[in-house]
Amino acid sequence: MSARWSEARRAMREQHDDTLLIALIPYARYLGMRAEPGEGRLRVHLPFRENLVGNPSVRAWHGGVTAAFMENTALLQLLVELDEERVPKSIDFAIDYLLSGRPGDLYADCEITRLGHRVAHTVIRCWQTDIGKPIAVARAHFLLTSE
Amino acid sequence: MNESEFFAALRERYIDNSPHMRECGFVVEALSTEYVTVRLPVREDWIGDVENGRLNPGIVTVLVDSTGGLAALARAGEPEPIATLDLRIDHMRPAFFGADLHCRAECLRMARSIAFVRATVWQHDPHEPIASAQLAFMRAGARRVPDMPTHGVQDFVS
């Protein structure tokens, strides 16, 4: 067991500093994800950059990137809220796309809808300018390690 | 554009036209009406947990979405705009840093407005998949076809 997870969690919870947490997940760092404190849960932010565009004619976000951002939003929420000593294992993930991702930043948050002994069920929403008009909604199951 | 020209263009441009697919370094390994396979070279950037070298599930979804879209276009046989409507993925085995990822996708049914696609992903052995996915794509071009009630087995072709 490594102390790095508890240090990263403490920095996020107490100083609202996501640096250590994101550093433990290279793919989240590659995407450029930032975790910010929100109302009772994290508000996760992904700044727009051209290299994450899927369709160049409308400069729309790659749909896979939107999905990846949302699944990692759930992972960050679980890591901050629980006392996991590693990244929870993904069991499955399902996303519905509601609107095309226009050039501009993405935001997401995650609700842990059910927390069992071994499995967490989560619901994630992703929006751009208006939280009331999500561009995608998703749900995911994760396998937890804490026995 | 005839079909063989379209396939040559797809193979050449599908990845290169998309900034993100180009950055990921996807390689189209097989392309036909029946199925497509795409390889994703492994990178340290794809790691999801620094302490055990497991790959992040998100990059697997990027591969599945990209390969699924290619399978739908290959089945369409001509250029048309498509958009992912939904995607569901099961992570059946962990993937680790050290070997490329491969995805095979096939279009199970090309309906007038929707393409239904199935995809599997593996690292070392296609018979030991790390992930399995189902996707639905909206065929945006289908909007041009009048939305008429269908009777029996009638097909409307744009």
Side-chain angles (χ1 to χ4, degrees), chain A residues 1-2 4-5 8 22-31 33 49-75 79 84-101 136-143, chain B residues 13-24 26 38 40 43-69 81-95 97 103 119 130-138 140:
Chain A
M1 289 294 159
S2 156
R4 293 161 83 184
W5 288 107
I22 301 288
L24 288 167
I25 309 176
Y27 184 65
R29 190 180 49 200
Y30 159 79
L31 287 179
M33 289 176 62
R49 65 185 165 90
E50 295 292 340
N51 282 352
L52 300 178
V53 164
N55 180 344
S57 58
V58 288
R59 293 170 73 226
W61 284 84
H62 188 290
V65 170
T66 306
F69 167 60
M70 292 171 76
E71 191 164 8
N72 280 279
T73 294
L75 285 171
L79 285 165
E84 294 289 295
E85 288 295 335
R86 62 167 169 72
V87 178
K89 291 179 187 171
S90 294
I91 301 171
D92 57 33
F93 175 84
I95 179 168
D96 294 319
Y97 294 95
L98 307 175
L99 294 167
S100 155
V137 291
R139 58 140 201 92
H141 282 115
F142 297 93
L143 194 60
Chain B
R13 295 192 220 127
Y14 181 72
I15 305 298
D16 273 358
N17 266 356
S18 163
H20 189 58
M21 289 194 243
R22 193 169 57 227
E23 174 166 286
C24 288
F26 289 126
V38 172
L40 173 63
R43 264 163 66 168
E44 284 184 13
D45 287 331
W46 309 154
I47 292 174
D49 187 333
V50 281
E51 298 200 331
N52 56 24
R54 254 175 203 269
L55 299 187
N56 191 274
I59 191 62
V60 182
T61 304
V62 172
L63 173 61
V64 158
D65 187 42
S66 305
T67 311
I82 55 164
T84 318
L85 194 59
D86 64 53
L87 177 160
R88 186 208 134 81
I89 183 164
D90 290 317
H91 297 286
M92 300 190 290
R93 284 185 183 80
F97 180 74
C103 180
I130 60 157
S132 166
Q134 286 274 151
L135 305 89
F137 290 90
M138 188 81 204

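Naming: A, B, ... by sequence-line order, numbering from 1 per chain.
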Would you mind reporting whether B/Arg88 and A/Arg139 have side-chain heavy atoms less than 4.5 Å apart? yes
Heavy-atom pairs under 4.5 Å with chain B: which of [options] has the most?
{"options": "A/Ala68, A/Ala67, A/Pro26", "answer": "A/Pro26"}
{"options": "A/Ala140, A/Ser57, A/Gly54", "answer": "A/Gly54"}
{"options": "A/Trp5, A/Tyr97, A/Phe69", "answer": "A/Tyr97"}

Could you give the distance from [atom1] ([X]) to [atom2] ([Y]), rounded to the nearest 0.5 Å?
{"X": "A/Phe142", "Y": "B/His91", "atom1": "CZ", "atom2": "NE2", "result": "8.0 Å"}
{"X": "B/Ile82", "Y": "A/Asn55", "atom1": "CD1", "atom2": "CG", "result": "10.0 Å"}
{"X": "B/Ile47", "Y": "A/Leu24", "atom1": "CD1", "atom2": "CG", "result": "12.0 Å"}
{"X": "A/Leu98", "Y": "B/Leu85", "atom1": "CG", "atom2": "CG", "result": "9.0 Å"}
{"X": "A/Tyr30", "Y": "B/Asn56", "atom1": "OH", "atom2": "CG", "result": "12.0 Å"}

Contact part of B/Arg22 toward chain A, heavy-atom cut-off under 4.5 Å: side chain, backbone, both or neither? neither
Pick one of side chain, backbone, both or neither for B/Glu44, based on which atoms fall under 4.5 Å of a heavy atom in chain A. backbone
When B/Asn17, B/Leu63, B/Thr84, B/Ile89 are compared by non-hydrogen pairs under 4.5 Å with chain A, the top option: B/Ile89
Quick one: of B/Leu55, B/Val64, B/Asp86, who has the most non-hydrogen atom pairs under 4.5 Å with chain A? B/Asp86
Heavy-atom closest pair (B/Ser18 atom, A/Pro56 atom, distance to 0.1 Å) is CA-CD, 4.4 Å
side-chain contact (heavy atoms from CB on, under 4.5 Å) for B/Val60 and A/Phe93? Distances and angles first, verdict last. CA-CA 11 Å; B/Val60 182; A/Phe93 175 84; over 6 Å; no
Sort [X] into side chain, backbone, both or neither according to what part of it lies under 4.5 angstrom from a heavy atom of chain B.
{"X": "A/Glu71", "answer": "side chain"}
{"X": "A/Arg4", "answer": "side chain"}
{"X": "A/Trp61", "answer": "neither"}
{"X": "A/Asn51", "answer": "both"}
{"X": "A/Ile91", "answer": "backbone"}
{"X": "A/Ala23", "answer": "backbone"}

Sorted by chain and residue number, the salt bridge (Lys or Arg N to Asp or Glu O under 4.0 Å) partners of A/Arg49 (sequence neighbours excluded) come out as B/Glu23
State which residues pass side-chain contact (heavy atoms from CB on, under 4.5 Å) with B/Asn52; sequence neighbours excluded, sorted by chain then number. A/Arg86, B/Asp49, B/Arg54
Can you say whether the rings of B/His20 and A/His62 are parallel (under 30°), tilted (30 to 60°) or perpendicular (over 60°)? perpendicular
